[in-house]
Amino acid sequence: MELNELQQQRLQKLERLQAAGQEGFPTTSQRTHTIGAALADFDALADAATPLTLAGRIIGARRVLGKLAFAHINDGTGELQLWLSRGDLGDLLFDRFADELDTFDIVEVQGTLRRTKRGEASIFVQDLRLLAKALNPPPEKWEGLRDVEERLRQRYLDLIVNADRREVFRKRALAISSMRGYLDERGFVEVETPILQPIYGGAAARPFITHHHQLDQQLYLRIATELYLKRLIVGGFPGVYEIGKNFRNEGVDRSHNTEFTMMECYLAYADYNDMMQLTEAMFRHIALAVTGSTAVTYQGQVIDFAPTWPRIGLIESIAEQTGINVLAHPDLDDLWSRITAANLHRTGKIERKATWAKQVDELFSTFVEPLLIQPTFVIDYPVELSPLAKRHPTRPGLTERFEAFVAGMELGNAFSELNDPLDQEQRFLEQGRAYSAGDDEAHQMDTDYINALMYAMPPTGGLGVGIDRLVMVLTDQPTIREVILFPHLRSREGH
RNA sequence: GGGCCGGUAGCUCAGUGGAAGAGCACCUGACUUUUAAUCAGAGGGUCGUGGGUUCGAUCCCCACCCGGCUCACCA
């Protein structure tokens, strides 16, 4: 390992300490309180002059003023100023602090709590030792670490330096635990289903492909959990859910990451209307848990998760924005003629797609989705777009499906689950034809899933929620990579 | 994948076809209540990588690598 000048200076300090009989990385800390606990009980501990042992990372500049010195330490629960004087510490320890310790070192201090003349809560240090030497120097004192690439590649440093970053991930954890709590309370059983799958399904996406050597079997990283979870509804669970990673071999942008976290839940003897109510109630519950309010500000816009959300028909919303009733143009050639007649292709945003369903999806994504800022249910999707959803009983060609949109992003997808095995088989066959026609995201035939449906699945409502996007909205983050700890980046040589 | 922009000291950033800069950090010295401490001084660079043009390239040209924004695709 080649060390730069700053790293060598720090290494030399470590070696000097070790030469003086100090451990550079002792096995354990003897701390008596977290900083958070010390601050919470500050006045009592200070009045009683209780001796405390605290530990933490030296953050920010050390200020050495001749025979006095100041610094701050942070242990993840709080931050506290160290007050060190040559008189109290003695020459050996004071010089050790001044000469051998650096910003980012992790130290342990003993002392009593007091306020300085200017009123800042501090620990007046009587003893100190190194717990772990930082060989890397900190970034700029005020600008911090701004370079996006470095922040993502060295997320640990980003988290050290940018304290609000840790807050985002605390809120992410809170969002997930409150979601889990909501579902647990309502009798959903949390399950784990395969990530490595012999047949991928449950969504329209290209998969990652891998191989099992011993079994000599091609496997896919899951793109969704759907088909396994519904097998469990067949198996008799009243409701199931899974929170976990999905993997889609597709582009990365501000609202897409290669691997992302989804919650899927299925409720027996329910339909998509029930799932809309569940979605509203659950999002309200989570928003309250994370932010204390149902109204959150996202990128300057107030978004209110309070029920009841508007429900608009997919077909009607496209017609409203484009003047085109896609159901009146039920094949691709016909629909494309209508689009060109309306000159929509001249906007530069619309091009001819491989299938009618994808063309409809593009019209919606382009002309309707960006307008859906407040939580909105878009309902009743075409059968061709929804191979796993039950047909609408009164609207031919449509299914009982909705997607939940917030801030112009799809946050949820749900339907009354198709439980007719014969219809499901036909849908898979249709998907196979779409694949042949050039739709490389079409579903594969899953005969075992059909077999499961042939034992009868009760009427079931299902819902999927994109956790990362939900966290983006709840924490006001502009991109998905700011709510994922280690988003995917190309590897860089020598790093 | 396309378009536009970027990569210079540990970090944040200037800059120029003719000797590589600033601030912060770091190092040395002074300083017993600092809060971006202050004062004085010193050190630190394969200017993303590889070619090319040129007497001379960090700068101009080409290719490549990594990233940002954006469009396309997807949730």
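Sequence lines set the chain letters: A, B, ... in the order given, protein chains first and strands last, and positions in each chain run from 1.
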Practice task
Describe the nucleic acid contact of A:A61 in one word from base, sugar-phosphate, nothing, applying a heavy-atom distance below 4.0 Å.
Solution key: sugar-phosphate
Practice task
Taking only the side-chain heavy atoms of A:K353 (C-beta and beyond), determine which of B:rA37, B:rA72, B:rC27 contains the nearest atom.
Solution key: B:rA72
Problem - Qualifying side chain to side chain donor-acceptor pair (under 3.5 Å) pairs with a residue from residues 133-142 of chain A, counting only residues at least two apart or across chains - result: A:Q7-A:N136, A:D102-A:K133, A:D105-A:K133
Handout entry: Rounded interatomic separation in angstrom, taking CD from A:Q8 and C1' from B:rG10
Key = 13 Å
Completion exercise
By nearest-nucleotide position on RNA chain B, the 5'-leaning member of A:E143 and A:T116 is A:E143
Completion exercise
When pairs are called at under 3.5 Å and a stem needs at least three consecutive Watson-Crick or G-U pairs, the stems of RNA chain B are B:1-7 with B:65-71, B:10-13 with B:21-24, B:27-30 with B:38-41, B:48-52 with B:60-64
Handout entry: Under the side-chain contact (heavy atoms from CB on, under 4.5 Å) test, residues paired with A:A175 that sit two or more places apart
Key = A:I286, A:V290, A:V471, A:L474
Practice task
Applying ring-ring contact (aromatic ring centres under 6.0 Å, His included), run through A:F208 and A:F247 and close with a yes or a no.
Solution key: CA-CA 7 Å; A:F208 285 92; A:F247 308 85; 7.1 Å; no
Handout entry: A:K117 side chain, from C-beta outward: closest of B:rU12, B:rC27, B:rU33
Key = B:rU33
Exercise for the section: With C1' as the reference atom in both, quote the distance from B:rG45 to B:rA19 in angstrom, rounded to an integer. Expected result: 14 Å
Handout entry: salt bridge (charged side-chain N to carboxylate O under 4.0 Å, His left out) pairs, two or more places apart, involving residues 242-252 of chain A
Key = A:R222-A:E242, A:K245-A:E259
Exercise for the section: Measure from CG on A:N4 to P on B:rG10 and round the result to the nearest Å. Expected result: 6 Å
Practice task
Go through residues 74-83 of chain A and report each residue with a non-hydrogen atom lying under 4.0 Å from RNA chain B, sorted by number.
Solution key: A:Q81, A:W83
Exercise for the section: Would you indicate whether A:R284, at its atom CZ, is surrounded by more than 12 heavy atoms from other residues, nucleotides or ligands within a distance under 6.0 Å? Expected result: no
Exercise for the section: Give the nucleotide from the list B:rU35, B:rU33, B:rC13 with an atom nearest to the side chain of A:F124. Expected result: B:rU33
Problem - Ring-face cation contact, A:F486 with A:R155, 6.0 Å cut, 45° max - result: no
Problem - Gap in Å between the two C1' atoms, one belonging to B:rU16 and one to B:rC59, rounded - result: 6 Å
Fill in the blank from the handout: Residues at least two apart in sequence or cross-chain that pass ring pair (Phe, Tyr, Trp, His ring centres under 6.0 Å) with A:Y228, listed by chain then number, are none
Fill in the blank from the handout: A:D253 has its side chain closest, among B:rC74, B:rC27, B:rU33, to B:rC74
Problem - Length of the line joining A:D95:CG and B:rG29:C1', which is rounded to integer Å - result: 14 Å
Practice task
For B:rG15 versus B:rU28, give the span between their P atoms, rounded off to a whole number of Å.
Solution key: 34 Å
Exercise for the section: Give A:N257 one of three labels, base, sugar-phosphate or nothing, depending on what nucleic acid heavy atoms sit under 4.0 Å from its own. Expected result: base
Handout entry: Single hit among A:F402, A:Y272, A:F283 for ring-ring contact (aromatic ring centres under 6.0 Å, His included) with A:F377
Key = A:F402
Completion exercise
Residue pair A:V252/A:R114 against RNA chain B: nearer the 5' end by closest nucleotide is A:R114
Practice task
Could you list the residues that satisfy side-chain contact (heavy atoms from CB on, under 4.5 Å) with A:Q359, not counting sequence neighbours?
Solution key: A:L332, A:L335, A:W336, A:I339, A:I350, A:R352, A:K353, A:E362
Which pairs would a plain distance check flag for residues 367-374 of chain A, meaning a side-chain donor or acceptor within less than 3.5 Å of a matching protein atom at least two apart in sequence or in another chain?
| unit_1 | atom_1 | unit_2 | atom_2 | d |
| --- | --- | --- | --- | --- |
| A:Q374 | OE1 | A:D304 | N | 3.0 |
| A:Q374 | NE2 | A:V302 | O | 2.6 |

Handout entry: Pairs satisfying salt bridge (charged side-chain N to carboxylate O under 4.0 Å, His left out), at least one member in residues 78-94 of chain A, at least two apart
Key = A:R86-A:D91, A:R86-A:D95
Practice task
Under 4.0 Å between any heavy atoms, over every strand shown, what does A:S365 touch: base, sugar-phosphate, or nothing? Just pick one.
Solution key: nothing
Problem - Non-neighbouring partners of A:F364 that pass ring pair (Phe, Tyr, Trp, His ring centres under 6.0 Å), sequence neighbours left out - result: A:F405
Problem - Whether A:R57 side chain and A:D75 backbone form a donor-acceptor pair below 3.5 Å - result: no
Practice task
For A:R248, answer base if it contacts any base atom (sugar-phosphate contacts may also be present), sugar-phosphate if it contacts only those atoms, and nothing otherwise; contact means non-hydrogen atoms under 4.0 Å.
Solution key: base
Handout entry: Carboxylate-amine/guanidinium proximity below 4.0 Å for A:E430 and A:R433
Key = yes
Exercise for the section: Before accepting this row, confirm whether a basic side-chain N of the pair A:E400/A:K390 lies closer than 4.0 Å to the acidic partner's carboxylate O. Expected result: no
Practice task
Under 4.0 Å between any heavy atoms, over every strand shown, what does A:A204 touch: base, sugar-phosphate, or nothing? Just pick one.
Solution key: sugar-phosphate
Problem - C1' atoms of B:rG48 and B:rU54, separation to the nearest Å - result: 23 Å
Problem - Touch class at under 4.0 angstrom, heavy-atom based, for A:E369 against every strand present - result: nothing
Practice task
Classify every nucleotide of nucleotides 39-48 of chain B by which part a protein heavy atom approaches to under 4.0 Å, writing B for the base, S for the sugar-phosphate alone and - for neither, in 5'-to-3' order.
Solution key: ----BS----
Exercise for the section: Would you kindly give the CD-to-P distance between A:Q7 and B:rC27, to the nearest whole Å? Expected result: 14 Å
Practice task
Determine the contact category for A:G144: base if any of its heavy atoms lies under 4.0 Å from a base atom, sugar-phosphate if only primed atoms, P, OP1 or OP2 are that close, otherwise nothing.
Solution key: sugar-phosphate
All N/O pairs under 3.5 Å across the protein-nucleotides 67-69 of chain B interface:
| unit_1 | atom_1 | unit_2 | atom_2 | d |
| --- | --- | --- | --- | --- |
| B:rG67 | OP1 | A:R490 | N | 2.7 |
| B:rG67 | OP2 | A:R490 | NH1 | 3.2 |
| B:rG67 | O4' | A:E149 | OE1 | 3.0 |
| B:rG68 | OP1 | A:R481 | NH1 | 3.0 |
| B:rC69 | OP1 | A:R481 | NH2 | 3.1 |
| B:rC69 | OP2 | A:R481 | NH1 | 3.4 |

Exercise for the section: Starting at atom CG of A:L65, determine the distance to atom P of B:rC31, rounded to an integer number of angstrom. Expected result: 11 Å
Practice task
Sticking with atom P, work out how far B:rG3 lies from B:rG44, rounded to a whole angstrom.
Solution key: 43 Å
